[in-house]
Structures are given as structure tokens and as C-alpha cells.
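See structure below.
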Amino acid sequence: MADTTNPKSFEEIVEWAYTTLPQKIRDLPDFPGIQLVDEPPADVLEDISNRKKWRRGTELLGLYSGTLRTKRSFTQVKYAPDLIFVFRGPILRCSKGDLRAEVKRVVWHEVAHWLGYETEEQVKALGL
């Protein structure tokens with residue numbers, strides 16, 4: 001088992017989770033970067049907590065930031081790169097023993113959002 005108190009070990013788990021994605025998805029030229037962050041920013045949590053379906057106190061494990069692949073236009077000007085954020089603290093607090101499986105689920109879940117599955121229901125229907 002990896003030493004989860006060591007940020008480098010957690011980073012290695014995120015890298016492993018990325019390698020479990022199908023090669024054809026990883027090879028897409030516009031695949032977003034994956035950034036590991038200790039905690040979600042307060043303004044992001046505040047914005048999400050104002051949404052109707054988000055229960056206060058719910059941990060945010062990951063986040064896709066960008067334009068859904070299915071919503072892009074060839075004339076669209078990019079202002080910021082698409083990124084997938086993986087939040088170390090919330091994952092460690094919510095993990096029920098199988099940290100690798102939890103990180104993999106978060107990475108795959110956010111990749112599904114990037115691919116165009118907008119709602120949590122659509123993503124869950126994919127098993128991600």
C-alpha cells in the first residue's frame with residue numbers, strides 16, 4: 001500500500017489511474033491536463049454549494065474545468081486550458097480503504113465530463 005501521507009505517493013496513484021484509461025482516450029490530442037491539488041478552492045466550494053442538488057458538507061473529490069468536448073466549436077478561442085483537478089484531501093477523507101480504486105473512479109468520472117457527459121446521472125449511467 002502506498003504511503004498516502006507522502007504527496008509523491010498520492011501523485012503516483014493519480015498517474016496510475018490515468019494509465020487505466022483506454023489508450024484511444026489518452027491519445028486524443030486535446031486530452032486535458034490532470035492537476036493534483038490538496039483541497040478545492042473555497043470559491044469553487046461556495047459556487048457548488050449554491051447549486052440545488054449539492055448537499056452542504058459533501059466533499060468535492062475532483063472537478064473538470066473547461067468546455068465539454070461535445071460543445072466546442074472550431075471557431076472557439078481558448079482562454080484557459082481544460083484541466084481535470086483531483087483533490088487529495090477530500091479523497092483521503094472519503095476513501096473507504098481502497099485508495100487506488102477511489103482515485104481511479106474520480107479520474108474516470110472527470111474524464112467522462114470532459115467527453116461531454118454533463119450530468120451526474122449520465123456519468124453514473126456509464127459506471128464512472
Side-chain angles (χ1 to χ4, degrees):
M1 178 75 180
D3 174 12
T4 59
T5 60
N6 177 346
K8 183 68 177 157
S9 294
F10 195 89
E11 183 178 318
E12 289 169 358
I13 294 171
V14 173
E15 289 174 9
W16 167 81
Y18 165 79
T19 67
T20 67
L21 291 163
Q23 188 69 45
K24 66 183 179 181
I25 291 176
R26 288 184 290 157
D27 286 345
L28 291 170
D30 58 335
F31 190 90
I34 298 176
Q35 185 166 356
L36 178 58
V37 181
D38 282 333
E39 296 289 335
D43 59 330
V44 170
L45 287 175
E46 182 179 336
D47 179 53
I48 288 176
S49 68
N50 290 330
R51 295 181 188 180
K52 294 178 186 174
K53 292 185 177 183
W54 189 267
R55 292 186 337 249
R56 286 202 186 276
T58 301
E59 294 273 16
L60 182 62
L61 307 180
L63 179 71
Y64 166 66
S65 175
T67 304
L68 299 176
R69 208 164 187 265
T70 56
K71 303 286 183 183
R72 292 190 187 148
S73 165
F74 69 91
T75 60
Q76 180 180 354
V77 177
K78 294 289 263 183
Y79 292 99
D82 289 350
L83 286 172
I84 290 172
F85 293 94
V86 176
F87 300 118
R88 182 176 179 261
I91 290 173
L92 290 174
R93 289 190 293 275
C94 293
S95 179
K96 293 180 172 68
D98 192 349
L99 185 60
R100 288 171 67 92
E102 185 68 22
V103 171
K104 178 181 174 183
R105 188 189 67 75
V106 170
V107 169
W108 281 58
H109 181 97
E110 299 309 329
V111 167
H113 283 310
W114 167 68
L115 289 171
Y117 297 91
E118 298 180 54
T119 68
E120 293 302 308
E121 292 77 19
Q122 289 173 325
V123 174
K124 286 179 183 175
L126 291 172
L128 304 174

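In what follows, residues are counted from 1 in the order of the sequence shown.
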Separation between NZ (K96) and CD (E102), nearest 0.5 Å, reads 7.5 Å

A17 versus V103, closest heavy-atom pair with distance: CB-CG1, 3.9 Å

If I take atom CZ from residue R105 and atom CG from residue D98, how far apart are they, to the nearest 0.5 angstrom? 11.5 Å

E15 CD to L36 CG distance, which is reported to the nearest 0.5 Å: 9.5 Å

After noting the C-alpha distance and the side-chain angles of W114 and I25, does the key distance pass the side chain to side chain contact (heavy atoms under 4.5 Å, CB included) rule? CA-CA 11 Å; W114 167 68; I25 291 176; 4.2 Å; yes

Contact check, side chains of L21 and V107, non-hydrogen atoms, under 4.5 Å: yes

Between L99 and L92, does the side chain to side chain contact (heavy atoms under 4.5 Å, CB included) criterion hold? Intermediate values first, please. CA-CA 7 Å; L99 185 60; L92 290 174; 4.0 Å; yes

Should C94 and L61 count as side-chain neighbours, where that means a heavy-atom distance under 4.5 Å? yes

Cationic tip of R26 within the cone over F31's six-membered ring, i.e. under 6.0 Å and within 45° of the normal? no

Value rounded to 0.5 Å, distance of CD in E12 from CZ in R100: 10.0 Å

Matching residue for P41 among V44, L45, V37 - test: side-chain contact (heavy atoms from CB on, under 4.5 Å): V44

How many angstroms lie between atom CD of E110 and atom CG of L115, to the nearest 0.5 angstrom? 11.5 Å

Could you state whether V106 and W16 fall into the same hydrophobic cluster, counting links through intermediate Ile, Leu, Val, Met, Phe, Trp or Tyr residues with side-chain heavy atoms under 4.5 angstrom apart? no

If you look at every heavy atom in I84 and Y64, which pair is closest and at what distance? CG1-CD1, 4.1 Å

Give me the ring orientation class for F87 and F85: parallel if the planes are under 30° apart, tilted from 30 to 60°, perpendicular past 60°. parallel

